[in-house]
Amino acid sequence: MTQPKLLVTAALPYANGQIHLGHLVEYIQTDIWVRYQRLNGRRCIYICADDTHGTAIMIRARQEGRSEVELIADMQKSHERDFAGFDISFDHYGSTNSEENRLLCNAIWQSLRDANLIVEDDVEQLFDPEAGTFLADRFVKGTCPSCKAPDQYGDNCSKCGATYSPTELIDPVSTLSGATPVVKTAKHLFVRLENLHSFLENWTQSGEHLQSEIANYLKGHFLGKPLRDWDISRPAPYFGFEIPDSPGNYWYVWFDAPIGYIASTWQWCKKNNENLDDWWKSDSTEIHHFIGKDITYFHTLFWPGVLHSAGFSLPQFVHIHGFLTVDGEKMAKRKGTQVQAATYLKHLDPAYLRYYYASKLGPRLDDIDLNLTEFANKVNSDLVGKVVNLASRTARFIESMGLAPEYPHDGGLFASAASAGEKIAQAYEQLDYARAMRLIMEIADQANAFVENSAPWTLKKDPTQQVRLQEVCTIVLNLFRQLCVYLAPVLPRLADQCGQLLQSPIQHWNDSQSPLVGTPVSKFEHLLQRLQPEKVQAMIEESKVETTPQAETSPSTEAVVAPQDSGDALAAEPLAPTCTIEDFTKVDLRVARIIKAEEVPEAKKLVKLTVSLGGDNTRTVFAGIKAAYTLEQLQGRLVVIVANLQPRQMKFGLSEGMVTAAGPGGTEVFLLGVDSGAVPGQRVH
RNA sequence: GGCGAUGUAGCUCAGUCGGUUAGAGCAACGGCUUCAUAAGCCGUGUGUCGGUGGUUCGAGUCCACUCAUCGCUACCA
């Protein structure tokens with residue numbers, strides 16, 4: 001009986017943003033697995049697509065003054081270019097905005113209807129009368145109903161952490177138009193997931209389809225109680241597919257996105273004369289999804305539920321990976337660590353990143369860290385210093401002779417490296433690439449030691465030793481080739497180059513098991529340049545300029561170049577409607593000095609500030625700036641506060657004012673200051 | 001708060017069923033070498049294995065508690 005063929009997917013990137021190094025962890029991890037399987041002779045297709053629907057796309061297209069279709073076409077082009085630049089070997093890259101996807105959504109929808117899984121319910125949602133659209137949570141801001149913190153998004157409060165519905169917000173404002181949203185009731189359609197509870201319990205807990213941490217997470221979090229109905233419709237206007245039997249309603253983007261996996265496969269089938277059912281409704285295909293841990297829920301509960309109800313094959317395994325940090329911290333545009341794929345490619349070879357990620361990736365969901373110093377060291381030391389150097393230090397010696405006609409005695413080196421192949425293969429199979437890379441580098445170390453002991457450069461000088469010279473080089477080049485086979489899933493270009501050098505292409509994993517003899521050796525050319533650390537720095541610098549030109553907030557940085565401010569910040573939070581001077585004077589802004597900054601131990605985001613308006617006039621203000629400033633940085637500095645804001649009772653005490661700041665929140669909060677000369681108590685006019 | 005994880009050498013991490021003096025790579029230091037992309041080889045580690053307590057003849061490995069860090073917390077793409 002033949003092994004099942006493989007259908008592999010990576011998550012569909014959303015068409016609202018560019019691919020960055022964080023995304024690439026997943027596409028590279030998946031690509032390595034796919035290439036490994038193919039090299040082993042396994043039938044394996046790698047399918048992906050752009051995820052194109054939803055409110056965010058609709059709003060963005062509107063802001064850019066063009067159609068959604070135009071926007072997503074541009075974005076798709078750019079995504080495909082980035083992936084190609086990193087040698088991601090998709091068999092097909094489709095789009096969720098395709099006719100195939102619409103037809104599949106219809107069919108799957110009908111199955112859910114037939115299975116009595118669809119129910120209707122009224123949902124109260126905020127509606128923006130000016131923009132004429134319902135507002136997703138992220139497009140509404142207002143005062144938190146729990147702690148009364150102002151300027152909070154519609155789903156949860158960044159200050160007190162409370163979660164609520166946007167309709168509970170006090171004084172809500174649409175971030176699209178600045179209009180006051182009104183509560184509107186609309187009919188929504190839901191999937192009654194609870195009907196599939198026992199199926200999902202079995203599927204997730206079987207131990208065969210998910211990493212154990214994930215199974216535990218689902219069990220503890222969702223499966224212990226009845227599953228909630230899943231709201232999968234959105235009223236018009238919405239960019240997506242209209243629901244055929246519910247005019248005016250559209251499928252929520254998370255309904256049609258995973259179906260895009262099937263639709264994209266279908267497009268591939270049409271191109272290649274294949275039958276879709278052989279891939280999605282057949283025991284002779286194993287489906288493997290690769291995703292990040294942020295979208296676990298959709299892929300391990302909803303998606304299996306939908307597939308099960310609609311009669312499609314379930315994934316054999318959902319492989320979940322962690323996030324990328326850079327130098328130990330979350331990627332941040334401000335620091336230039338959120339590097340776009342295209343920016344990386346301008347400065348560095350994709351092989352570096354593919355190898356570095358491989359050397360860090362294991363089968364678990366730990367986050368992986370891109371340590372920039374280590375990145376440069378590791379790539380240079382392992383790839384250039386150890387692997388490529390083997391060819392570099394021997395190939396030239398036998399350009400005229402070619403490889404020896406018979407494989408010489410090598411003290412068992414080749415045989416032992418060949419037998420390590422099984423362990424390496426197993427590590428790839430189990431997604432333990434870090435282990436695979438360690439095993440491979442052990443072989444490279446042994447090979448380099450052999451070169452050292454055999455001293456081909458000495459043999460070269462002795463005319464009676466030419467046969468031995470050829471033998472030594474034959475051994476070393478065969479070890480090099482073995483390494484290239486083992487590294488081929490990670491470094492496809494190096495494998496090709498090795499094939500050219502030894503005039504025998506690497507086509508199968510088993511090429512590592514028998515040595516090459518008697519072939520000519522091409523003229524040696526450098527296979528991989530050393531990574532220059534300056535280029536890493538240049539990439540980081542460019543990433544800073546590209547994304548946050550307004551980074552020059554600190555006067556200490558000497559800005560030589562005129563800042564190129566992007567429109568991102570304004571687009572993220574459009575201007576509020578016009579207000580009169582009377583409106584403005586209602587707000588009493590005052591200069592104040594922070595005389596005491598205290599930790600609030602139980603609070604995640606708040607610090608307690610005692611501010612002085614001069615004289616004995618002090619007050620207590622709670623500010624959500626814990627992540628952005630240390631207590632020392634706050635102590636003593638002048639800030640601008642809203643002095644006549646109605647005091648709010650917060651969880652940790654009464655807040656008698658508000659400190660003004662710019663920025664989206666979290667670590668990116670920038671307090672307003674005043675030029676020197678201002679004193680506490682002065683009003684801001 | 002709940003849940004899931006992590007905490008081993010300066011850095012990044014291995015340590016399979018609990019079993020001899022706890023390992024690797026990188027970095028650092030010393031020596032050798034010069035074929036090679038200033039690459040390579042040899043040598044050098046006094047680590048409270050986060051902490052406390054327990055089980056055991058024996059614990060980095062099992063159990064309890066505790067501290068720290070990270071992530072997730074569904075109508076958000």
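Letters A, B, ... mirror the listed sequences (proteins, then strands); counts begin at 1. These numbers were taken from a predicted model, which means no experiment stands behind them.
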* Asked: What is the pairing partner of B:G71, taking Watson-Crick or G-U wobble pairs with both distances under 3.5 Å in any strand?
  -> B:C3
* **Whole-Å P distance, B:U46 and B:C63** => 31 Å
* Asked: Touch check for A:Leu301, heavy atoms < 4.0 angstrom, all strands: base, sugar-phosphate only, or nothing?
  -> nothing
* Taking atom C1' in both B:U12 and B:G51, what distance in whole Å separates the two? -> 24 Å
* **Touch class at under 4.0 angstrom, heavy-atom based, for A:Lys386 against every strand present** => sugar-phosphate
* What integer distance in Å separates A:Asn453:CG from B:C35:C1'? -> 14 Å
* Find which nucleotide of RNA chain B each of A:Asp432 and A:Asp229 is nearest to by heavy atoms, and output the residue with the more 5' nucleotide. => A:Asp432
* Asked: Contact class for A:Val253 (heavy atom, under 4.0 Å): base, sugar-phosphate, or nothing?
  -> sugar-phosphate
* Asked: A:Arg438 has a side chain; which of B:U37, B:A14, B:A77 sits nearest to it?
  -> B:A14
* To do: Can you tell me, in whole Å, how much space there is between the P of B:C29 and that of B:U37?
  => 25 Å
* **A:Val451 side chain, from C-beta outward: closest of B:C76, B:C35, B:U37** => B:C35
* Asked: Across the strands shown, which category fits A:Asn377 at heavy-atom distances under 4.0 angstrom: base, sugar-phosphate, nothing?
  -> sugar-phosphate
* Within the structure shown, what part of the strands sits under 4.0 Å from A:Lys378 by heavy-atom distance: base, sugar-phosphate, or nothing? -> nothing
* **A:Ser381 side-chain N/O to B:C26 phosphate OP1/OP2 under 4.0 Å** => yes
* Asked: Within the structure, does a side-chain N or O atom of A:Lys461 lie under 4.0 Å from either OP1 or OP2 of B:C35?
  -> yes
* **Candidate pair A:Leu301 and A:Phe222, rule side chain to side chain contact (heavy atoms under 4.5 Å, CB included), full reasoning** => CA-CA 9 Å; A:Leu301 291 176; A:Phe222 305 107; 3.7 Å; yes
* To do: Measure the distance from CZ on A:Arg530 to P on B:G40 and round it to the nearest whole Å.
  => 8 Å
* Would you say the side chains of A:Ser78 and A:Gln18 form a donor-acceptor pair under 3.5 Å? -> yes
* Considering heavy-atom distances to RNA chain B, does A:Phe222 or A:Ala444 have its closest nucleotide positioned more toward the 5' end? -> A:Ala444
* Roughly how many Å is it from CZ in A:Phe480 to P in B:G40, rounded to a whole number? -> 15 Å
* Asked: Within less than 4.0 Å of OP1 or OP2 of B:G4, is there a side-chain N or O belonging to A:Arg364?
  -> no
* Can you check whether A:Arg393 has a side-chain N or O nearer than 4.0 Å to OP1 or OP2 of B:U33? -> no
* Can we say A:Arg396 and A:Glu399 salt-bridge, meaning some charged N sits less than 4.0 Å from an Asp/Glu carboxylate O? -> no
* Asked: Between B:C72, B:C11, B:U37, which one does the side chain of A:Asn371 approach most closely?
  -> B:C11
* To do: State, with a plain yes or no, whether a side-chain heavy atom of A:Phe524 is found less than 4.5 Å away from one of A:Leu527.
  => yes
* Asked: With both distances kept under 3.5 Å, what pairs with B:C32, Watson-Crick or G-U wobble?
  -> B:G40
* Asked: When rounded to the nearest Å, what value does the distance between P atoms of B:G31 and B:G60 take?
  -> 38 Å
* Asked: Which part of the nucleic acid does A:Trp230 contact within heavy-atom distance under 4.0 Å: base, sugar-phosphate only, or nothing?
  -> nothing
* Asked: So what does A:Tyr217 touch, heavy atoms closer than 4.0 Å: a base, only the sugar-phosphate, or nothing?
  -> sugar-phosphate
* Looking at B:A77, B:C41, B:C75, which one has an atom nearest to any side-chain atom of A:Glu452? -> B:C41
* Asked: With both distances under 3.5 angstrom, what nucleotide forms a Watson-Crick or G-U wobble pair with B:A9?
  -> none
* To do: With heavy atoms under 4.0 Å as the rule, sort A:Val388 into base, sugar-phosphate or nothing.
  => base
* Would you mind telling me which of B:U37, B:A77, B:G71 lies closest to the side-chain atoms of A:Ser392? => B:U37
* Tell me: CG of A:Leu383 to C1' of B:A36, nearest whole Å? -> 16 Å
* Indicate, with yes or no, if the rings of A:Tyr93 and A:His79 have centres closer together than 6.0 Å. => no
* To do: Evaluate whether atom CZ of A:Arg62 has more than 12 neighbouring non-hydrogen atoms of other residues, nucleotides or ligands under 6.0 angstrom away.
  => yes
* Asked: How far does the P atom of B:A9 sit from the matching atom of B:C49, given to the nearest Å?
  -> 10 Å
* Asked: Looking at B:A77, B:G4, B:A39, which one has an atom nearest to any side-chain atom of A:Tyr14?
  -> B:A77
* To do: Classify the nucleic acid contact of A:Phe397 as base, sugar-phosphate or nothing, counting any heavy atom under 4.0 Å across all strands shown.
  => sugar-phosphate
* Asked: Given the P atoms of B:G18 and B:U33, what is the spacing between them in whole Å?
  -> 49 Å
* Heavy atoms under 4.0 Å, any strand shown: does A:Ile57 hit a base, just sugar-phosphate, or nothing? -> nothing
* **Nearest-angstrom distance from the residue atom CG of A:Asn389 to C1' of B:U33** => 13 Å
* Would you classify A:Phe298 as touching base, sugar-phosphate or nothing, given that sugar-phosphate means primed atoms plus P, OP1 and OP2, and contacts are heavy atoms under 4.0 Å? => base
* Interatomic distance where CG belongs to A:Asn448 and P belongs to B:U37 [whole Å] -> 14 Å
* **Any-strand Watson-Crick or G-U partner of B:C65, both distances under 3.5 Å** => B:G51
* To do: May I ask you to decide whether A:Asp369 forms a salt bridge with A:Lys360, counting only side-chain N to carboxylate O separations under 4.0 Å?
  => no
* Is there a Watson-Crick or G-U wobble partner for B:C76 with both distances under 3.5 Å, and which nucleotide is it? -> none
* **Euclidean distance, atom CD1 of residue A:Ile368 to atom C1' of B:G71 [Å, nearest integer]** => 15 Å
* To do: Please state the P separation for the pair B:G54 and B:G43 - nearest whole angstrom.
  => 42 Å
* Any A:Lys360 side-chain nitrogen or oxygen under 4.0 Å from OP1 or OP2 of B:A14 -> no
* Evaluate whether atom CD of A:Glu525 has more than 12 neighbouring non-hydrogen atoms of other residues, nucleotides or ligands under 6.0 angstrom away. => no
* Classify the nucleic acid contact of A:Gly385 as base, sugar-phosphate or nothing, counting any heavy atom under 4.0 Å across all strands shown. => sugar-phosphate
* To do: Determine if A:His188 stacks with B:C75; use a centre-to-centre distance below 5.5 Å and an interplanar angle below 30° as the criteria.
  => no
* Asked: How far, in whole Å, is B:U52 from B:A14 if one measures between their C1' atoms?
  -> 27 Å
* **Pairing partner (Watson-Crick or G-U wobble, both distances under 3.5 angstrom) of B:U20** => none
* Asked: Do A:Tyr297 side-chain and B:A74 base share a donor-acceptor contact under 3.5 Å?
  -> yes
* Whole angstrom value for the distance that separates C1' of B:C35 from CZ of A:Phe450 -> 14 Å
* Is the gap between the ring centers of A:Phe302 and A:Trp254 under 6.0 Å? -> no
* Structure fact -> Nearest heavy-atom contact between A:Ser233 and A:Leu189 is OG-N, 2.8 Å
* Asked: Using purine N1 to pyrimidine N3 plus N6-O4 or O6-N4 for Watson-Crick, or N1-O2 and O6-N3 for G-U wobble, each under 3.5 Å, what pairs with B:U56?
  -> none
* When all nucleic acid strands are considered with a 4.0 Å heavy-atom cut-off, which category describes A:Arg435: base, sugar-phosphate, or nothing? -> nothing
